[in-house]
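Everything on this sheet refers to the single structure shown next.
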Amino acid sequence: MKKIGGHKYIFIIGGVMSGVGKGVASSSLGTLLSAKGFRVNLVKVDPYLNVDAGTMNPTEHGEVFVLNSGLETDQDMGNYERFLGRDLTNDDYITSGMIYKHVIEKERALGYGGKCVEAIPHIRDEIVGRFEHSARTNKSDISILEIGGTVGDYQNVMFIEAARVLKMRHPDDVIFIMVSYLPTPGKLGEMKTRPTQHAVQQLASYGVNTDIIIARAETALDDRRKAKIAVACNIHTKCVISAPDIESIYDVPINFDQDHLGNIVLEALHISPRKTTDEFKTWKKMARGIKNSSNNQIDIAIVGKYFNTGDFTLTDAYLSVLEAIKFSAYAAGVKAVIHTVNARDFEKGKINYSSLDTYHGIIVPGGFGETGIEGKINVIRYARERGIPYFGLCYGMQLMTIEYARTVLGLKGATTAEINPLATHLLIDIMPEQKKKIAEVNYGGSMRLGLYTASIFKDTIAYEAYGADKKFTGKKNKKSKTLNNSLQIEERHRHRYEVNHEYVEQLEEAGLIFSGKSPDGMLMEIAELPRSKHPFFVGTQFHPEFLARPLAPHPLFTAFMKAAKKRKSQQSVSILEKDGPEEVLTTYTLAYKK
Ligand code: GLN
């Protein structure tokens with residue numbers, strides 16, 4: 001079949017309920033179609049009125065994912081980048097807030113020439129324009145646009161309306177995929193299709209017909225249910241794709257491929273399949289590896305605070321950190337078991353610091369505000385003094401510096417201006433330009449955000465890690481001038497505060513190494529202790545997790561996982577030495593039983 005029409009658009013819409021993996025389904029379709037040789041771009045459409053995701057509480061909305069540009073976006077954007085292996089741009093993220101802000105500002109500037117400005121046509125047409133714009137700037141063959149929320153929500157109606165108009169203008173080029181959920185109520189023990197049928201009808205009431213249904217459920221759909229859905233929803237049975245719960249999200253593109261989703265989509269879009277690329281082979285190998293990687297299990301604690309929502313515990317706030325660990329665990333030949341530890345539980349005495357001994361590595365991830373920080377600082381001290389591999393991400397690096405100042409330099413009450421701007425020892429202070437923003441109550445999108453360059457100095461853990469990884473330094477390094485024989489890297493940032501330059505010399509004299517600095521030497525980007533003092537004690541002012549990809553694990557995470565692996569092997573050796581060979585197994589099992 002020859003290609004009919006122009007640029008192709010696939011809209012992904014949720015049915016029945018949220019949180020069933022629309023983002024992963026969209027990303028996986030992206031991987032699959034890229035593997036078939038098409039240039040694909042993914043767009044996330046969020047119906048909320050926030051202009052970006054930056055001001056939202058991570059316990060409610062999950063991780064805030066930062067792009068190279070500094071735009072603060074939804075966590076699905078992280079999945080898109082990881083599944084496409086490509087950096088996304090501001091054109092790939094749309095919120096209602098952005099649309100309304102733009103239209104209202106244009107109206108204030110007489111941009112509509114005296115017309116009455118209304119949702120239809122002005123808001124709708126602005127949305128259509130953005131859909132087309134992202135396709136153009138990405139120079140793609142196919143756009144996959146995921147509309148946030150669920151069919152029936154009041155908030156996303158305007159986006160569905162814009163998609164309908166696009167379909168009306170280009171009937172051969174636009175299709176709609178519904179990612180729906182099929183519950184199996186415990187008492188009934190039977191998978192129910194009716195909610196999905198209703199969702200499809202609801203979408204039809206907006207003038208939009210569903211072309212393909214991705215049926216999410218605990219288990220696979222049987223043929224009877226597929227046929228039932230097909231008849232009720234007016235689609236071919238082969239267009240009902242079964243998507244049961246699986247262990248690893250990186251298997252989803254492979255499962256979709258087995259169900260021929262790629263070809264079904266291409267047929268609906270009137271284009272012929274192309275040859276599958278070698279990249280898909282690499283993907284399959286990685287997906288298999290991540291899932292089945294070694295039985296050498298490494299226990300990693302994430303000591304944070306954004307875990308609890310009501311009676312439930314969610315790790316969404318640290319999604320990219322979890323994924324970065326997964327990729328690097330595979331690279332280091334281990335399997336990471338993640339333990340979420342609430343920093344406040346240490347403060348309340350609910351858990352003892354000595355429980356940290358059971359972990360092979362500890363991470364204190366990014367965070368804001370006062371809650372749990374004393375617990376985190378004590379955890380860092382414990383990790384430092386007991387030689388447990390420690391990796392601090394952003395706040396985790398700032399608190400690591402504070403701990404060092406308090407314990408090693410003896411600076412009592414050392415803290416960050418974020419907690420107490422009047423404290424005597426402000427180890428972490430606000431950047432001058434940030435002071436103004438706070439005084440003006442300008443919080444949205446105003447932190448130090450996005451990609452910034454750092455110089456990495458020789459003979460450090462950071463230099464060793466980055467230096468060995470061409471994917472991270474290769475291209476960029478050729479372009480940039482080297483400073484003092486240093487390596488130039490670029491990483492994504494999201495913070496308002498910095499290590500106070502006034503304390504840098506003292507900290508360095510006391511043994512803390514700033515192995516990464518901004519090219520002018522003013523901002524501290526990486527702090528670490530030398531290997532002679534600690535196996536791995538490293539903190540980054542940036543968020544390395546945002547650049548970790550399944551096919552390109554982040555070098556610092558990999559170095560951390562290797563250190564954790566070493567701790568485990570050394571622990572077993574020391575147990576061996578202490579107890580003699582016969583007792584090894586039992587002691588070992590006890591030590592790691594939790
Ligand atoms: N709260 C700290 C700051 O704003 C750290 C931010 C973070 O961890 N992302 O500087």
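We use all heavy atoms of the structure for the numbers below, so side chains are in, but hydrogens, waters and symmetry mates are not. Just follow the structure's listing: the first ligand is 1, and inside any ligand the first atom is 1.
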Of the protein's non-hydrogen atoms, which lies at the shortest distance from [atom], and what is that distance?
| atom | value |
| --- | --- |
| atom 6 (C) of ligand 1 | Gly367 O, 3.4 Å |
| atom 9 (N) of ligand 1 | Arg494 O, 2.8 Å |
| atom 7 (C) of ligand 1 | Cys394 SG, 3.1 Å |
| atom 10 (O) of ligand 1 | Tyr497 N, 2.9 Å |

Is [X] salt-bridged to [Y], going by a charged N under 4.0 Å from an acidic O?
| X | Y | value |
| --- | --- | --- |
| Asp87 | Arg549 | yes |
| Lys326 | Glu247 | no |
| Glu81 | Arg492 | yes |
| Arg494 | Glu545 | no |

Determine whether Met400 and Phe537 make a side-chain contact, defined as any pair of heavy atoms from C-beta on separated by less than 4.5 Å.
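Met400 vs Phe537: side chains touch.
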
Could you tell me if the side chain of Val504 sits less than 4.5 Å from the side chain of Met524, heavy atoms only?
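The answer is yes, as the side chains (C-beta and beyond) meet within the 4.5 Å cut-off.
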
Heavy atoms only: which of Glu418, Arg496, His495, Gln541 is nearest to atom 2 (C) of ligand 1?
Glu418

Return yes when Glu498 approaches ligand 1 closer than 4.0 angstrom through a heavy atom, no otherwise.
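Flag not set, Glu498 not near ligand 1.
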
Ligand 1 atoms in contact with Gly366 (distance to a heavy atom under 4.0 Å):
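Going through ligand 1 atom by atom, the ones under 4.0 Å from Gly366 are 8 (O).
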
